[in-house]
Amino acid sequence: MKEYWTSLASLLGVLAFCQTLLQTVFPPELRFALAKLFNKISHWFSSYCYFDITEIDGVNTNELYNAVQLYLSSSVSTSVSGSHSRLSLTRAVNSSAVTFGLSNNDSILDVFNGVTVVWEHVVTQRQTQTFSWRPLPEEKRGFTLRIRKRYKSLILNSYLDFIMERAGDIRRKNQDRHLYTNSRGGSLDSRGHPWESVPFKHPSTFETLAMDPIKKTKLMEDLNDFANGEKFYQKTGRAWKRGYLLYGPPGTGKSSMIAAMANYLGYDIYDLELTEVHTNSELRKLLMKTSSKSIIVIEDIDCSINLTNRKKNHGPMHSRNVNSSNCYDAAAAAAEQMRGEGDGNVGGNSITLSGLLNFTDGLWSCCGSERIFVFTTNHIEKLDPALLRSGRMDLHIFMSYCSFPALKILLRNYLGCKADDLDGDVLRDLESVVDEAEMTPADVSEVLIKNRRDRDRAVRELLETLKVRAEKNKRRKKRSKKQSMSEEEEEEEEEEEQEKRALESPNGKEGFSFGGQFEKSCEKVENDHEEEEEKEEEEDKKEK
């Protein structure tokens with residue numbers, strides 16, 4: 001036993017002597033240089049290259065690390081290397097989805113354009129840090145990307161950009177969407193933003209939207225082409241934006257259509273209240289503060305501010321005393337028009353039609369990308385044609401009364417029944433009267449909501465309501481037709497009476513009498529014209 005310990009002590013002494021000799025012959029600097037040279041030689045002969053993506057770059061968070069983490073969390077179908085691989089589940093703040101990620105020091109495979117890459121999540125303990133104004137986490141996290149050298153250019157040029165774009169889509173899909181509105185009087189919030197927001201929770205989708213399926217499909221295809229058309233818009237030199245005009249009677253689902261578009265694309269909504277914007281410059285500032293991938297909405301644009309048809313606005317000024325040489329009358333008409341426009345601008349609003357056109361189609365509208373402008377109106381005839389042309393409102397969508405295909409969607413939504421579940425005679429009766437009844441989807445929905453616990457009663461009451469509405473519409477159309485025919489007959493009788501009076505006038509006084517009659521008729525026409533103009537102005541004021 002003594003000999004064993006003696007031999008062990010001598011062996012340790014020899015090793016210590018050799019270590020001292022190596023340190024003397026090969027100093028640390030030389031050993032470090034040799035290790036570095038060995039790594040370079042092994043790298044030259046290796047067919048792989050490695051890239052490290054750390055969680056914190058200096059003192060700032062590395063956005064690429066977060067993007068890779070989100071991207072890998074969506075790769076559920078990719079193969080996981082190793083039999084002991086585990087996934088960590090997470091749920092971010094303001095997110096409605098649960099995502100997964102790689103556990104510590106685990107790896108996962110991914111395939112991009114036929115090229116296989118390996119991601120490894122490396123987690124190590126951070127060394128004791130000195131005093132810092134921003135304390136770092138105890139663990140040092142990062143991803144290591146291993147790829148073959150011959151695919152290096154493909155991965156660096158395309159793969160990382162693809163990851164950033166994909167991560168943005170996942171982040172926007174997982175996070176709750178927001179509904180923004182401009183602050184009262186253009187005031188700014190604590191962050192200096194003119195928009196106030198609330199979470200957007202509207203449940204409307206294209207599946208539940210009561211609309212003609214053919215129209216619905218075309219709209220969804222148009223939205224898909226827009227959302228995936230970045231390269232197309234760049235190639236054609238057009239701003240990446242699109243305009244939609246929703247018009248039709250109240251209650252036909254224009255607001256529900258906007259909500260369905262936002263839920264379908266995953267966009268935020270900016271509900272712009274024009275009456276709270278005072279000048280064109282404020283309108284531009286609001287546009288600059290909107291984000292990409294958003295829907296900018298102006299509802300009831302014909303009622304917001306005075307943006308009616310310019311031909312109609314300019315009609316009184318040009319129709320009064322057109323052939324008169326009295327300049328005072330023209331000036332008075334212009335002043336009256338200006339006073340009328342001033343009355344329409346609530347709260348001193350000075351937004352012009354030109355400012356709104358620049359907002360939707362000018363240079364300032366290109367300060368962001370992938371944005372949709374949506375205008376709604378109940379009276380499209382009141383809008384200026386310049387606001388309706390392509391490039392501003394590219395697609396005009398008429399939200400009509402409830403049709404039979406839309407009615408079947410409402411029956412499925414509120415009663416949970418399909419068309420096959422109803423009696424054939426009842427179904428034919430509904431189809432025969434729904435178009436003539438001219439009921440909006442909102443009116444039909446109200447009838448179904450009241451009786452949603454009793455399907456047969458709901459269908460029966462709906463059919464009765466549709467028949468009553470259809471009969472009322474028939475009687476109304478007949479009355480209007482008779483009234484129009486009686487007015488035409490009265491006009492024809494009046495014209496015949498005037499011609500008869502002109503023919504019965506004396507020959508000696510024909511010129512004088514005809515002239516006097518002509519002056520009276522002209523005076524009457526002019527008075528009638530002025531009365532019609534005054535009626536139109538009063539109606540416009542009432543509507544505003």
Side-chain angles (χ1 to χ4, degrees), residues 70 90-99 167-210 223 227 241-244 246 250-278 282-301 303-305 346-347 349 351 356 359-360 365 367-378 399 413 441-442 445 449:
L70 277 175
T90 57
R91 181 171 180 173
V93 180
N94 296 330
S95 175
S96 57
V98 176
T99 58
D169 295 338
I170 297 171
R171 188 181 295 111
R172 185 174 62 256
K173 182 179 179 180
N174 292 342
Q175 288 182 349
D176 292 335
R177 284 173 291 281
H178 287 81
L179 174 64
Y180 294 87
T181 183
N182 47 316
S183 304
R184 183 173 180 82
S187 59
L188 304 178
D189 61 6
S190 58
R191 298 175 298 170
H193 293 171
W195 295 97
E196 299 175 354
S197 65
V198 294
F200 182 69
K201 299 291 186 180
H202 202 293
S204 177
T205 61
F206 280 113
E207 185 178 359
T208 61
L209 190 65
L223 291 173
K241 63 181 182 63
R242 193 150 179 82
Y244 296 92
L246 309 182
T252 51
K254 292 185 284 293
S255 298
S256 299
M257 167 72 78
I258 297 172
M261 293 168 63
N263 289 328
Y264 182 71
L265 295 175
Y267 287 5
D268 292 332
I269 295 180
Y270 288 85
D271 186 12
L272 178 60
E273 183 61 45
L274 285 180
T275 56
E276 297 295 336
V277 185
H278 299 135
E282 288 185 10
L283 191 63
R284 288 195 296 268
K285 291 177 182 178
L286 286 170
L287 179 65
M288 293 172 61
K289 291 296 183 179
T290 58
S291 62
S292 299
K293 299 181 182 296
S294 60
I295 301 176
I296 302 173
V297 180
I298 302 180
E299 291 193 280
D300 297 326
I301 188 173
C303 302
S304 299
I305 56 177
V346 181
N349 193 301
I351 297 178
L356 186 61
F359 175 81
T360 57
S365 66
C367 61
S369 61
E370 199 171 352
R371 286 188 296 205
I372 295 176
F373 293 88
V374 178
F375 290 174
T376 69
T377 179
N378 298 333
M399 307 297 291
N413 293 342
S445 300
I449 288 174

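Side chain of Thr376 to backbone of Asp300: a donor-acceptor contact under 3.5 angstrom is found. Looking at Ser292, its side chain does come within 3.5 Å of a backbone N or O of Ser369 through a donor-acceptor pair. Looking only at distances, no side-chain donor or acceptor of Lys293 sits under 3.5 Å from a matching main-chain atom of Ala227. Put simply, the side chain of Asp268 gets close to the backbone of His178: a donor and an acceptor are under 3.5 Å apart. With hydrogens and angles disregarded, no donor-acceptor distance shorter than 3.5 Å links the side chain of Asn263 to the backbone of Thr205.
In terms of heavy-atom proximity, Phe359 sits nearest to Ile298 at CE2-CD1, 4.5 Å. The shortest non-hydrogen separation linking Pro441 to Thr252 is CD-CA, 3.8 Å. Leu70 and Ala167 make their closest contact through CD1-O, 3.9 Å (heavy atoms, listed as atom of the first residue, atom of the second, distance). Minimum interatomic distance between Thr208 and Pro203 (heavy atoms only, all atoms of both residues): OG1-O, 4.5 Å.
Applying the ring-ring contact (aromatic ring centres under 6.0 Å, His included) rule to Tyr270 yields the partners Tyr180, Trp195; only residues at least two apart in sequence or on another chain are considered. Not a single side-chain hydrogen bond (donor to acceptor under 3.5 Å, both in side chains) links Ser256 to another residue, sequence neighbours left out. By the salt bridge (charged side-chain N to carboxylate O under 4.0 Å, His left out) test, Lys254 pairs with no residue at all, sequence neighbours left out.
Two residues are said to be in side-chain contact when any heavy atoms from C-beta on lie closer than 4.5 Å; Asp271 and Ile258 fail this criterion. Looking at heavy atoms from C-beta onward, Glu299 lies out of side-chain contact with Phe375 at the 4.5 angstrom threshold. A 4.5 Å side-chain heavy-atom check between Val277 and Leu272 finds at least one atom pair inside the cut-off. Ile372 has its side chain within reach of Leu223: a pair of non-hydrogen atoms, C-beta onward, lies under 4.5 Å apart. With a 4.5 Å cut-off on side-chain heavy atoms, Lys285 and Lys289 do not count as touching.
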**Message:** Would Arg177 and Ile295 count as a side chain to side chain contact (heavy atoms under 4.5 Å, CB included) here? Give the steps.
**Reply:** CA-CA 11 Å; Arg177 284 173 291 281; Ile295 301 176; over 6 Å; no
Requested in this report: Could you walk me through whether Leu287 and Ile296 pass side chain to side chain contact (heavy atoms under 4.5 Å, CB included), step by step?
Outcome: CA-CA 9 Å; Leu287 179 65; Ile296 302 173; 3.8 Å; yes
- Task: Applying side chain to side chain contact (heavy atoms under 4.5 Å, CB included), run through Tyr244 and Met257 and close with a yes or a no.
- Result: CA-CA 11 Å; Tyr244 296 92; Met257 167 72 78; over 6 Å; no
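Under 3.5 Å, the side chains of Thr181 and Glu273 contain no donor-acceptor pair of N or O atoms.
The CD atom of Glu370 sits 10.5 Å away from the OG atom of Ser291 when rounded to the nearest 0.5 Å.
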